[in-house]
A.B. asks: 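My structure is below; once you've seen it, I'll send some questions.
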Amino acid sequence: MILMKDIVRDDQEGTVLRDYAAKVSFPLTEEEQQLAKDLMEYLEISQDEELAEKYGLRAGVGLAAPQVNVSKQMAAVLVPSDDEEDDTPIFKDVIINPVIISESVQMGALTEGEGCLSVDRDIAGYVPRHDRITLKYQDVQGETHKVRLKHYPAIVCQHEIDHLHGVLFYDHINKDNPFEAPEGTVFFG
Ligand SMILES: O=C(O)C[C@@H](Cc1ccccc1)[C@H](O)SCc1ccccc1
Ligand code: NI
């Protein structure tokens, strides 16, 4: 299983965190299938308070392969339900070779800014992202999916896809005015 010690940090030398990750070919190798399972397992365990404490995991809703120093275009996303009546996750899949094929002009951002499992410090500021996206990706079976996402799931997937391109959330924060956001930005969270 993946532990915090396996997650590379932005202040570490010699990691792939800032590289543009390689596309994944199908069928997946045994190792790639195991990686996909391990990435999703991390999110599941990290979102269980007792287990997260037992294993010392920071909660996560996404985890990309470059964060465990594997430069491949693969990321697990697990956005939990926000409906007390129904615990079906809003979005749960391992997205492979993801491409954003369309995006809203309107931007969205988390009111509290963003964090990252690969960044051990709080960095204040708005991270403007597209509020709505159409995402195309392959799942572990190689099946192609096209999904439309908005608000929080869209933010999470853009955060994870950034990891596959060597981009970190604070790269998007306006250096002169961290709490500046484009006109019409939707804030939530
Ligand atoms: O480092 C990662 O990629 C995982 C991030 C993803 C993320 C951060 C901010 C905004 C969108 C996605 C972690 O999930 S950060 C910790 C976290 C945990 C639960 C809910 C929100 C953020
Ligand atoms: Ni991150």
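What you are looking at is a predicted structure, and each value in this text was computed from that prediction instead of being measured. Ligands are counted one by one from 1 in listed order, and the atoms in each one are counted from 1 as well.
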A.B. asks: Looking at R132 and E103, is there a salt bridge between them, counting it only when a charged N and a carboxylate O are closer than 4.0 Å?
C.D. replies: no
A.B. asks: Go through the structure and list residues passing side chain to side chain contact (heavy atoms under 4.5 Å, CB included) with Q141, not counting sequence neighbours.
C.D. replies: D139, E143
A.B. asks: With a 4.0 Å cut-off on heavy atoms, is Q47 touching ligand 1?
C.D. replies: no
A.B. asks: Got a sec, which residues hit side-chain hydrogen bond (donor to acceptor under 3.5 Å, both in side chains) with N174, two or more places apart in sequence or on another chain?
C.D. replies: E180
A.B. asks: Which residue and non-hydrogen atom of the protein lie closest to atom 8 (C) of ligand 1, and at what distance in Å?
C.D. replies: G115 O, 3.2 Å
A.B. asks: In chain order, what residues pass the ring pair (Phe, Tyr, Trp, His ring centres under 6.0 Å) check against Y126, with sequence neighbours excluded?
C.D. replies: F179, F187
A.B. asks: Is there at least one pair of N or O atoms, one from V61 and one from ligand 1, spaced under 3.5 Å apart?
C.D. replies: yes
A.B. asks: Would you find a donor on one side and an acceptor on the other, under 3.5 Å apart, between the side chain of Q67 and the backbone of A64?
C.D. replies: yes
A.B. asks: Salt bridge check: are E44 and K92 linked by an N-O gap of less than 4.0 Å?
C.D. replies: yes
A.B. asks: Under 3.5 Å between any N/O of E114 and any N/O of ligand 1: does that happen in this structure?
C.D. replies: no
A.B. asks: May I ask you to check whether D10 and Y170 show a side-chain donor-acceptor distance below 3.5 Å?
C.D. replies: yes
A.B. asks: Would you list the protein N, O or S atoms within less than 2.8 Å of the Ni ion (ligand 2), leaving out water?
C.D. replies: C116 SG, H159 NE2, H163 NE2
A.B. asks: What's the verdict on side chain to side chain donor-acceptor pair (under 3.5 Å) for S81 and D83, showing C-alpha distance, side-chain angles and the deciding distance?
C.D. replies: CA-CA 5 Å; S81 163; D83 176 350; 5.4 Å; no
A.B. asks: Can you tell me if R18 has over 12 outside heavy atoms packed within less than 6.0 Å of its CZ?
C.D. replies: yes
A.B. asks: Under 4.0 Å between a side-chain nitrogen and a carboxylate oxygen: does that hold for R129 and D162?
C.D. replies: yes
A.B. asks: How many angstroms lie between CD in Q106 and CG in D131, if you round to the nearest 0.5 Å?
C.D. replies: 5.5 Å
A.B. asks: How far is atom 21 (C) of ligand 1 from its nearest protein heavy atom, and which residue and atom is that?
C.D. replies: Y152 OH, 3.1 Å
A.B. asks: Would S118 count as a polar contact of ligand 1, with the cut-off being nitrogen or oxygen pairs under 3.5 Å?
C.D. replies: no
A.B. asks: Starting from atom 1 (O) of ligand 1, locate the nearest protein heavy atom and write down its residue, its atom name and how far away it is, to 0.1 Å.
C.D. replies: L117 N, 2.7 Å
A.B. asks: Judged by non-hydrogen atoms, does F169 sit under 4.0 Å from ligand 1?
C.D. replies: no
A.B. asks: Run the numbers for me: atoms of ligand 1, each under 4.0 Å from some heavy atom of H163, listed by number.
C.D. replies: 1 (O), 2 (C), 3 (O)
A.B. asks: What is the closest protein heavy atom to atom 17 (C) of ligand 1, and at what distance does it sit?
C.D. replies: A59 O, 3.8 Å
A.B. asks: Out of curiosity, is L110 lining ligand 1, as in a heavy atom under 4.0 Å away?
C.D. replies: yes
A.B. asks: At what distance, to the nearest 0.5 angstrom, does SG of C157 lie from CG of L149?
C.D. replies: 5.0 Å
A.B. asks: Give the atom numbers and elements of ligand 1 that come within less than 4.0 Å of a heavy atom of C116.
C.D. replies: 1 (O)
A.B. asks: Measure the distance from atom 3 (O) of ligand 1 to every protein heavy atom, then report the residue, atom name and distance (to 0.1 Å) of the closest one.
C.D. replies: E160 OE2, 2.7 Å
A.B. asks: Is any side-chain heavy atom of F26 less than 4.5 Å from a side-chain heavy atom of I96?
C.D. replies: yes
A.B. asks: H159 versus ligand 1: do any nitrogen or oxygen atoms come within less than 3.5 Å of each other?
C.D. replies: yes
A.B. asks: Under 4.0 Å from a heavy atom of G62: give me the atoms of ligand 1 that qualify, with their elements.
C.D. replies: 2 (C), 3 (O), 4 (C), 14 (O)
